[in-house]
Number of protein chains: 2
Amino acid sequence: MKHYSKQREAILEVLRSTDTHPTANWIYEKVRERIPNIRLGTVYRNLSGLTADGEILQIEVGDGFEHFDGDISPHLHLYCKECEKIFDQSLKSDYISKVANESGFKTDTTIYVAYGICKNCNKKIN
Amino acid sequence: MKHYSKQREAILEVLRSTDTHPTANWIYEKVRERIPNIRLGTVYRNLSGLTADGEILQIEVGDGFEHFDGDISPHLHLYCKECEKIFDQSLKSDYISKVANESGFKTDTTIYVAYGICKNCNKKIN
DNA sequence: CCTAAATCAGTAATGATTACTATTTTATTA
DNA sequence: TAATAAAATAGTAATCATTACTGATTTAGG
């Protein structure tokens, strides 16, 4: 990722314009509204580059899809196993980073995921 | 996962006998030494069941493979982008779980992943 | 023992992601 | 602003980790 491209720019804008954690395909469909003949491969290539550059986060919750996040601040991802949605929760400190660096590991990205049942689903079930 | 099976038992034992974070295929090769005609599909099915039952953890680090962990205590996974290995580090408290539950989310599993460069690779590079 | 449900071996299919190539776009330098 | 090399893209094809299917086997409980 050494050069600017309008495709990369559009992908980044789409990702930053949502507070969900979309898949590559979702991003592809959105970007296609602006750049109709963009290819899914281009979206994947840029998402990989943006992740490597630390401009976005890649989140995996075990549902078979890679999810992407335009918010790179350290925060908690709550994955509800009932509705299969990802919720965000802010964190006061980057706990992981501190612990990791104490042991000589140079951290540049931290991912926090909790699995369980969200507030809403809890009401419905019980 | 309501019934016992020797396949499930063997898979769990293999996973608990290592402190690495193997892939389904690695586990398959190991279990095959004991049960020669077990199938990869059986390994996958059992790993999914064991994960759902909370007996093992499923860790994803963005390398295209699902990794499994027989240690279900909350701990930190350090993924070195240089040597592509996963290191463990114990945690004094399950920070995520506390924060999540405060907001009404019922957590049953927490995953901590830090990306960066490990101690050894740091020496080699610099 | 018997039965029903769960799991398995064996095999085939799926589909998210990656790879490839010729063309176009970008950054740089003169 | 033209020339050049490197990087990115469109278009297409391939990969391969994972899941799905089916008939046979194993398990749990009475």
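Computation of the quantities below employed the complete heavy-atom set of this structure, encompassing side-chain atoms and omitting hydrogens, waters and symmetry-equivalent molecules. Chain naming here is simple, since letters A, B, ... match the order of the sequence lines and numbering starts at 1 in each.
Electrostatic pairing of Asp53(B) and Arg8(B) counts as a salt bridge here, judged by a charged N lying under 4.0 Å from a carboxylate O. For the pair Glu29(A) and Arg32(A), the salt-bridge criterion is met [side-chain N within less than 4.0 Å of a carboxylate O]. Using a 4.0 Å cut-off between charged side-chain N and carboxylate O, Glu55(B) and Arg16(B) make a salt bridge. Taking 4.0 Å as the cut-off between side-chain N and carboxylate O, Lys30(B) and Glu13(B) do not count as a salt-bridged pair.
One interatomic measurement links the two molecules: CD of Glu60(B) to C1' of dT17(C), which rounds to 14 Å at whole-angstrom precision. Atom CD in Glu9(A) sits roughly 12 Å away from atom P in dT26(C) (whole-Å rounding). Look at CZ on Arg8(B): it is 11 Å from C1' on dT7(C), rounded to the nearest Å. Rounded to an integer number of Å, the gap from CD1 of Ile35(A) to C1' of dT25(C) is 13 Å. Rounded to an integer number of Å, the gap from CZ of Phe68(B) to P of dA17(D) is 13 Å. Nucleotide dG15(C) holds its C1' atom 21 Å from the CH2 atom of Trp26(A), rounded to whole Å. Between Glu66(A) atom CD and dT18(D) atom C1' there is a gap of 14 Å when expressed in whole angstrom units. Taking atom CZ of residue Phe65(B) and atom C1' of nucleotide dT18(C), one finds them 13 Å apart after rounding to whole Å.
Checking the phosphate oxygens (OP1, OP2) of dG11(D), a side-chain nitrogen or oxygen of Asn37(A) falls inside 4.0 Å.
Counting non-hydrogen atoms under 4.0 angstrom, Leu40(B) reaches a base of the nucleic acid. Residue Tyr4(A) is classed as a sugar-phosphate contact, given heavy-atom separations below 4.0 Å to backbone atoms only. Looking at heavy-atom distances under 4.0 Å, Asn25(B) makes no contact with the nucleic acid at all.
If you check dA10(D), dA7(D), dA9(C) against the side chain of Gln7(B), the one that comes closest is dA9(C). Counting only heavy atoms from C-beta on, Thr42(A) has its side chain closest to dA10(D) among dA16(C), dA10(D), dA9(C). In the set dA9(C), dT7(C), dT18(C), the nucleotide with an atom closest to the side chain of Tyr44(A) is dT18(C).
Comparing Arg39(B) and Lys2(B) against DNA chain C, the residue whose closest nucleotide sits nearer the 5' end is Lys2(B). Nearest-nucleotide positions on DNA chain C place Ser5(B) closer to the 5' end than the other of Ser48(A) and Ser5(B).
Residue Lys81(A) places its NZ atom among more than 12 non-hydrogen atoms of other residues, nucleotides or ligands, all under 6.0 Å distant.
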